[in-house]
Amino acid sequence: MNKIEHIGIAVRDLKITGDLYEQLLNTNVYKMEEVTGEAVKTAFLQAGPNKIELLEATSADSPIAKFIDKKGEGIHHIAFEVNDIKAEMARLKAKGFVLLSDEPKPGADNKLVCFVHPKSAGGVLVELVQEGYNA
Ligand SMILES: CC[C@H](C(=O)O)C(=O)SCCNC(=O)CCNC(=O)[C@H](O)C(C)(C)COP(=O)(O)OP(=O)(O)OC[C@H]1O[C@@H](n2cnc3c(N)ncnc32)[C@H](O)[C@@H]1OP(=O)(O)O
Ligand SMILES: [Co+2]
């Protein structure tokens, strides 16, 4: 794992919370993108070297909708950058971590992603992201 690539925050309204975070971080949303495979739309802000990903559900069965229904708005996941997502998935699987997909999936921001079940990671939803994937 190279670094924290982004922190994912579940929000009810991307525009409202995006505006709030622009004030908070004194910066602008630099990218908005829908990820249909995850039933989410995202907004990205940069805080120095760190990235914040705001996520709004696009359907009632979105993981973000379920999360907000259960826990309210707030930090949803931590994403780590990896060099070789398939090798990392194999390494984690061999160590007994529960992965939420057998293969990496297309993510936002031209990434390839996979998730580790929060029950495997001390109650934290962990995302692995590999840079430079072009769907
Ligand atoms: C890929 C696009 C973008 C990117 O970065 O490129 C994204 O990040 S998309 C982010 C949205 N997509 C996902 O989150 C996909 C992975 N998530 C899932 O598959 C589910 O949300 C899952 C399996 C984590 C939970 O789904 P489930 O249907 O099992 O919901 P439950 O409410 O029954 O949860 C079971 C259990 O886990 C706890 N939980 C759920 N979500 C989280 C979370 N984000 N962080 C910590 N814990 C979580 C939940 O509280 C339940 O625990 P319990 O003790 O039973 O209450
Ligand atoms: Co993410």
Side-chain angles (χ1 to χ4, degrees):
M1 309 276 184
N2 299 338
K3 64 174 183 175
I4 291 177
E5 207 276 337
H6 64 264
I7 301 281
I9 300 174
V11 302
R12 287 189 173 84
D13 185 307
L14 217 45
K15 177 76 178 80
I16 292 172
T17 311
D19 289 349
L20 183 73
Y21 267 72
E22 286 187 334
Q23 302 307 314
L24 181 70
L25 304 179
N26 195 23
T27 186
N28 295 320
V29 167
Y30 69 87
K31 183 171 189 176
M32 295 186 80
E33 183 181 344
E34 182 165 353
V35 183
T36 49
E38 295 295 328
V40 295
K41 50 186 181 179
T42 61
F44 289 95
L45 303 103
Q46 199 78 31
N50 302 308
K51 196 159 51 165
I52 298 295
E53 176 187 70
L54 302 179
L55 302 125
E56 178 185 335
T58 54
S59 70
D61 60 357
S62 165
I64 295 301
K66 278 193 80 171
F67 177 87
I68 290 177
D69 288 348
K70 191 161 197 172
K71 298 172 177 275
E73 293 182 308
I75 292 178
H76 178 259
H77 63 273
I78 302 176
F80 293 92
E81 179 193 276
V82 297
N83 294 328
D84 181 339
I85 193 166
K86 289 202 170 185
E88 278 300 298
M89 289 172 69
R91 183 181 71 80
L92 292 173
K93 202 167 181 178
K95 286 183 177 293
F97 289 89
V98 175
L99 303 184
L100 292 166
S101 57
D102 293 330
E103 293 296 326
K105 304 185 287 184
D109 225 9
N110 291 323
K111 299 281 185 308
L112 205 51
V113 306
C114 172
F115 290 87
V116 180
H117 198 288
K119 293 295 183 200
S120 275
V124 176
L125 178 61
V126 167
E127 179 182 5
L128 309 179
V129 297
Q130 180 180 310
E131 292 283 336
Y133 168 74
N134 294 310

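Atoms within a ligand are numbered from 1 in the order they appear, just like the ligands themselves.
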Report, rounded to 10°, the angle at the Co ion (ligand 2) between the two atoms OE1 (E127) and NE2 (H77). 80°
Could you tell me whether A108 and ligand 1 have an N or O pair separated by under 3.5 Å? yes
Would you mind checking which non-hydrogen protein atom is closest to atom 40 (C) of ligand 1, with the distance to 0.1 Å? P118 CG, 4.4 Å
Considering heavy atoms of the protein only, find what lies nearest to atom 20 (C) of ligand 1 and give residue, atom and distance to 0.1 Å. P63 CB, 4.4 Å
Could you list which atoms of ligand 1 come closer than 4.0 Å to a heavy atom of H6? 5 (O)
K111 with E131: basic N within carboxylate O range, under 4.0 Å: yes
Taking 2.8 Å as the cut-off, does H76 contribute an N, O or S atom near the Co ion (ligand 2), distance below it? no
Heavy-atom side-chain proximity of H77 to L55 below 4.5 angstrom: yes
For atom 54 (O) of ligand 1, the option (of K119, E127, K105) bearing the nearest heavy atom: K119
Of the N, O or S atoms in E53, the one nearest the Co ion (ligand 2): OE1
Side-chain ion pair, E33 and K31, N-O less than 4.0 Å: yes
K15 with E56: basic N within carboxylate O range, under 4.0 Å: no
Go through the structure and list residues passing side-chain hydrogen bond (donor to acceptor under 3.5 Å, both in side chains) with N83, not counting sequence neighbours. N2
Consider ligand 1: state whether an atom of it lies below 4.0 angstrom from any non-hydrogen atom of A79. no
With the threshold set at under 4.0 angstrom, would you say T42 reaches ligand 1 through any of its heavy atoms? no
Heteroatom proximity flag, E53 to ligand 1, N/O under 3.5 Å: yes
Nearest to atom 22 (C) of ligand 1, what protein heavy atom do you find, and at what distance? L100 CD1, 4.6 Å
Of E81, E5, Q46, the residue whose pairing with K51 passes side chain to side chain donor-acceptor pair (under 3.5 Å): E5
Nearest candidate to atom 1 (C) of ligand 1, where distance is taken over non-hydrogen atoms, out of E38, K71, K51: E38
Residues passing the side-chain hydrogen bond (donor to acceptor under 3.5 Å, both in side chains) test with H76, sequence neighbours excluded, are none
Only one of L100, V126, V98, L99 passes side chain to side chain contact (heavy atoms under 4.5 Å, CB included) with F115, and that residue is L100
Is any side-chain heavy atom of F80 less than 4.5 Å from a side-chain heavy atom of I4? yes
What atoms of ligand 1 come within less than 4.0 Å of a heavy atom belonging to G107? 1 (C), 6 (O)
Could you check atom 25 (C) of ligand 1 against the protein and tell me its nearest heavy-atom contact, residue, atom and distance included? H117 NE2, 4.9 Å
Of the backbone atoms (N, CA, C, O) and the side-chain heavy atoms from C-beta on, which set of K66 has a member under 4.0 Å from an atom of ligand 1: side chain, backbone, both, or neither? side chain
Under 4.5 Å between any side-chain heavy atoms of K86 and Q130, yes or no? no
Need the ligand 1 atom indices (1-based, order shown) with element for anything under 4.0 Å from a heavy-atom of H76. 11 (C), 14 (O), 43 (C), 44 (N), 45 (N)
